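Working notes, structure below.
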Amino acid sequence: GMDGALTPASPAGLSAYVAVSQLLGLTLLATVGAWLGRYRGGVAWHSPLQFNVHPLCMVLGMVFLQGDALLVYRVFRHEAKRSTKALHALLHGLALVIALVGIVAVFESHRSQGIPDMYSLHSWCGMAAFVLYLLQWLLGCGFFLLPSASFSLRSRYKPQHVFFGVALFALSIASCLLGITEMLLFNIRDSYSRFVPEGVLANTLGVLLVAFGLVVGYVLTRDDWKRPLLAEELALSMDFKTLTEGESPCGGSQ
């Protein structure tokens, strides 16, 4: 992989699971594209097809890119922490921008067609996922990217950051599943129960979303696949443990 001559190889199985996740992610995007292109007329901005920008952007941003951002620490195991951290923040930031485009698309599409907003369970869960994701990103940048946060503060916040990262990823996938169901019931309510090709394709997209989430979740929760501490991080945490009042002598240079 990305390892130099002296760095240990990735744990057995990790590379395979990461490869499967990427294959699933790209299949996801192809399936969304096929659904929108084949059955929903494609994607365009200032037109009746503006709505279709929404599912495309949400799957690309809130699922595929968010999942990849979560995997950064497992894939780049031996690179400098700083650059890995920057890539993690960058991918999440990109996911947020793409998701924002998708949210604007659905509100504008509703306005132009006189459809009410924010009444469905999908819209509540989806908006909660987006707002909390933005908050999580801002807090993450504040605590881990800016040099101002102390080591003890980072150590206390990190478990919350990790938990809510995985939780928001799960909520994003759940919101997509609700959205797929809603879209099918709006568009093919009468024929959906007869296993029409569009219904089967969209259901398949849902199954792929769950599979992508499960594979990414598995990689993230395997303890022995966690990023090993580099020498300077190890020294920093040892310093931190020896101090009763929690401030690291190195400040927050992690």
Side-chain angles (χ1 to χ4, degrees), residues 21-70 91-92 94-134 168-192 195-216:
S21 76
Q22 296 316 286
L23 198 60
L24 282 168
L26 294 171
T27 309
L28 263 182
L29 296 178
T31 309
V32 179
W35 181 18
L36 298 175
R38 176 93 175 71
Y39 297 104
R40 295 286 121 223
V43 172
W45 192 255
H46 288 299
S47 85
L49 298 176
Q50 187 176 21
F51 175 85
N52 292 348
V53 174
H54 176 71
L56 186 63
C57 284
M58 292 343 244
V59 171
L60 174 57
M62 296 294 287
V63 179
F64 183 56
L65 285 176
Q66 184 179 176
D68 275 7
L70 295 175
L91 283 173
H92 279 310
L94 187 61
L96 276 163
V97 170
I98 291 170
L100 185 60
V101 172
I103 289 173
V104 170
V106 74
F107 278 107
E108 283 198 358
S109 163
H110 281 177
R111 194 180 320 124
S112 67
Q113 296 177 53
I115 299 170
D117 292 313
M118 296 304 301
Y119 66 88
S120 69
L121 180 59
H122 164 65
S123 62
W124 289 17
C125 290
M127 193 55 82
F130 178 77
V131 171
L132 292 171
Y133 188 38
L134 176 60
L168 287 171
F169 179 56
L171 178 58
S172 300
I173 290 174
S175 303
C176 286
L177 298 179
L178 288 168
I180 290 168
T181 304
E182 195 173 291
M183 204 165 148
L184 289 171
L185 292 177
F186 277 136
N187 290 315
I188 59 164
R189 181 186 286 115
D190 298 330
S191 58
Y192 187 22
F195 289 91
V196 289
E198 181 179 355
V200 173
L201 182 66
N203 286 357
T204 303
L205 171 61
V207 172
L208 287 167
L209 281 161
V210 172
F212 179 71
L214 290 174
V215 173
V216 171

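The shown structure was predicted, so the numbers you read here are calculated from the model rather than taken from an experiment.
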[X] side, atom [atom1]; [Y] side, atom [atom2] - distance, nearest 0.5 Å:
{"X": "Leu29", "Y": "Leu56", "atom1": "CG", "atom2": "CG", "answer": "7.5 Å"}
{"X": "Leu184", "Y": "Leu201", "atom1": "CG", "atom2": "CG", "answer": "9.5 Å"}
{"X": "Thr27", "Y": "Leu209", "atom1": "OG1", "atom2": "CG", "answer": "11.5 Å"}
{"X": "Ser109", "Y": "Ile115", "atom1": "OG", "atom2": "CD1", "answer": "5.5 Å"}
{"X": "Leu91", "Y": "Leu96", "atom1": "CG", "atom2": "CG", "answer": "11.5 Å"}
{"X": "Leu24", "Y": "Leu214", "atom1": "CG", "atom2": "CG", "answer": "9.5 Å"}

For [X], check side chain to side chain contact (heavy atoms under 4.5 Å, CB included) against everything at least two apart and list the hits.
{"X": "Val200", "answer": "Phe195, Thr204"}
{"X": "Leu121", "answer": "Cys125, Leu178"}
{"X": "Val207", "answer": "none"}

Looking only at non-hydrogen atoms, find the nearest pair between [X] and [Y] and report the distance.
{"X": "Ala128", "Y": "Leu171", "value": "C-CD2, 4.4 Å"}
{"X": "Phe186", "Y": "Tyr119", "value": "CZ-OH, 3.2 Å"}
{"X": "Ala202", "Y": "Ile180", "value": "O-CG2, 3.7 Å"}
{"X": "Val216", "Y": "Ser21", "value": "CG2-CB, 4.2 Å"}
{"X": "Cys176", "Y": "Val59", "value": "SG-CG2, 4.3 Å"}
{"X": "Leu168", "Y": "Ala129", "value": "CD2-O, 4.2 Å"}

Quick check: do [X] and [Y] have side-chain heavy atoms less than 4.5 Å from each other?
{"X": "Met62", "Y": "Ile98", "value": "no"}
{"X": "Phe64", "Y": "Gln22", "value": "yes"}
{"X": "Phe107", "Y": "His54", "value": "no"}

Which residues pass the side-chain hydrogen bond (donor to acceptor under 3.5 Å, both in side chains) test with [X], not counting sequence neighbours?
{"X": "Ser172", "value": "Gln66"}
{"X": "His92", "value": "Tyr133"}
{"X": "His122", "value": "none"}

> Yes or no on side-chain contact (heavy atoms from CB on, under 4.5 Å) for Val210 and Leu177, after CA distance, side-chain angles and deciding distance?
Replying inline: CA-CA 9 Å; Val210 172; Leu177 298 179; 3.9 Å; yes

>> I need the full list of salt bridge (Lys or Arg N to Asp or Glu O under 4.0 Å) pairs touching residues 199-211, with sequence neighbours left out, sorted by first then second residue.
In response: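 For residues 199-211, and leaving out neighbouring residues, there are no salt bridge (Lys or Arg N to Asp or Glu O under 4.0 Å) pairs at all.
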
>> Give me each pair satisfying salt bridge (Lys or Arg N to Asp or Glu O under 4.0 Å) with a member in residues 99-116, each pair once, sequence neighbours excluded.
In response: none

Show every donor-acceptor pair shorter than 3.5 Å between a side-chain atom in residues 33-45 and any protein atom, with sequence neighbours excluded, or say none if there are none.
residue : atom : partner : partner atom : Å
Trp35   : NE1  : Glu198  : OE2          : 2.8
Arg40   : NE   : Glu198  : OE2          : 2.8
Arg40   : NH2  : Glu198  : OE1          : 3.0
Arg40   : NH2  : Glu198  : OE2          : 3.2

> Pairs in or reaching into residues 177-191: which pass side chain to side chain donor-acceptor pair (under 3.5 Å), with residues at least two apart or in two chains?
Replying inline: Ser120-Glu182

